[in-house]
Amino acid sequence: MAATLAYKDVEVGTELPAQTFPVVRSSLVKYAGASGDFNPIHWNEKFAREVGLPDVIAHGMFTMASAIRVVTDWVGDPGALVEYGVRFTKPVVVPNDDQGALIEVTAKVAVKLDDNRVRVDLTATSAGQKVLGMSRAVVQLG
């Protein structure tokens, strides 16, 4: 695959299509199995509360991976991702109900770089709180 966007067609300030990602407890169990991260704060409500959390929380890397989908979907090729970094600011609290939590992600082109690359800045929130800070990705465009 290759990026379907041309560098010349992208401008600073371009807003990427926003996306919302639902998170339920079963998502966390599946992620734990795939990642090998079975920390009980991600699946055991009693344990999470005992260590001072409001409830079970999503894995930070799960949250990070969900957010970057906005960029890889926009580019059209996950392999176009060159760099990606975030700071974890707040946890995504996942209640034990049919609703779970939502991770809401917006993004926009912040800088056009050399070599047909652009930096995209992302904003990820859940329950009205910013859950990722300094969330930035660099992608290689065509």
Side-chain angles (χ1 to χ4, degrees), residues 1-7 9-10 12-142:
M1 292 181 71
T4 58
L5 290 174
Y7 179 81
D9 296 333
V10 175
V12 171
T14 299
E15 293 185 12
L16 285 59
Q19 293 189 50
T20 300
F21 304 99
V23 186
V24 293
R25 295 276 178 96
S26 62
S27 304
L28 302 181
V29 172
K30 291 174 189 175
Y31 182 83
S35 69
D37 181 353
F38 293 101
N39 187 323
I41 64 173
H42 303 303
W43 58 269
N44 184 318
E45 184 174 333
K46 181 179 180 286
F47 183 85
R49 291 184 189 277
E50 285 174 355
V51 298
L53 295 169
D55 208 330
V56 165
I57 63 171
H59 303 74
M61 297 301 282
F62 177 93
T63 303
M64 189 177 175
S66 297
I68 198 61
R69 289 175 53 192
V70 168
V71 176
T72 58
D73 288 354
W74 174 70
V75 172
D77 176 12
L81 183 64
V82 176
E83 295 176 28
Y84 180 40
V86 305
R87 288 191 182 151
F88 301 108
T89 56
K90 297 279 185 187
V92 175
V93 178
V94 183
N96 191 20
D97 59 21
D98 293 336
Q99 302 299 313
L102 295 175
I103 301 170
E104 299 170 298
V105 184
T106 60
K108 67 179 175 179
V109 175
V111 180
K112 289 185 86 169
L113 305 166
D114 294 333
D115 299 326
N116 289 358
R117 294 178 178 193
V118 297
R119 191 187 88 209
V120 177
D121 292 352
L122 298 90
T123 301
T125 61
S126 183
Q129 294 190 4
K130 195 172 183 180
V131 295
L132 299 176
M134 298 294 293
S135 184
R136 295 178 174 171
V138 174
V139 290
Q140 180 75 51
L141 301 181

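Any value given below was found using the heavy atoms of this structure, including those in side chains, with hydrogens, waters and symmetry copies removed.
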Practice problem: Can you establish whether the number of heavy atoms outside E50 located under 6.0 Å from its atom CD is more than 12? | Solution: yes
Self-check item: OH on Y31 to OG on S66, rounded to 0.5 Å
Solution: 9.0 Å
Quiz item: Which pair of non-hydrogen atoms, one from A101 and one from S126, has the smallest distance, and what is that distance?
Solution: CB-OG, 4.2 Å
Practice problem: Check each of V109, T106, L122 against L16 using the side-chain contact (heavy atoms from CB on, under 4.5 Å) test, and report the only one that passes. | Solution: V109
Quiz item: Would a 4.5 Å heavy-atom cut-off, applied to side chains only, mark V118 and V139 as touching?
Solution: yes
Quiz item: So which heavy atom on A107 is nearest to which on V120, and how close?
Solution: CB-CG1, 3.7 Å
Practice problem: Search all heavy atoms of I68 against all heavy atoms of A137 and return the closest pair with its distance. | Solution: CD1-CB, 3.7 Å
Quiz item: For the atom pair NZ (K90) and OG1 (T63), what is the distance rounded to the nearest 0.5 Å?
Solution: 14.0 Å
Practice problem: Please test D37 against M61 for side-chain contact (heavy atoms from CB on, under 4.5 Å), starting from the C-alpha separation and ending with a verdict. | Solution: CA-CA 10 Å; D37 181 353; M61 297 301 282; over 6 Å; no
Quiz item: With side chains defined as the heavy atoms from C-beta onward, is the minimum distance between M134 and V86 less than 4.5 Å?
Solution: no
Quiz item: Is there a donor-acceptor contact under 3.5 Å linking the side chains of D73 and Q19?
Solution: yes
Exercise. For residues D55 and R25, determine if any side-chain heavy atom of one lies less than 4.5 Å from a side-chain heavy atom of the other.
Key: yes
Practice problem: Quick one: pull up OG1 in T72 and CG in L81 and give me the separation to the nearest 0.5 Å. | Solution: 7.5 Å
Exercise. Give the minimum heavy-atom separation between W74 and L5, together with the two atoms involved.
Key: CE2-CD1, 3.2 Å
Practice problem: For D77 and G79, indicate whether the former's side chain and the latter's backbone hold a donor-acceptor pair under 3.5 Å. | Solution: yes
Quiz item: Can you name the closest pair of heavy atoms from N96 and E45 and give their distance?
Solution: CB-OE1, 4.1 Å
Quiz item: At what distance, to the nearest 0.5 angstrom, does CD1 of I41 lie from CG of N39?
Solution: 4.0 Å
Quiz item: So, for F62 and S27, which heavy atoms are closest and what is the spacing to 0.1 Å?
Solution: CZ-CB, 4.1 Å
Quiz prompt | Test item: E83 side-chain N/O and R119 main-chain N/O as donor-acceptor pair under 3.5 Å | solution = no
Quiz item: What is the distance from atom CG of L132 to atom CZ of F88, rounded to the nearest 0.5 Å?
Solution: 6.5 Å
Exercise. Quick one: pull up CZ in R117 and OH in Y7 and give me the separation to the nearest 0.5 Å.
Key: 11.0 Å
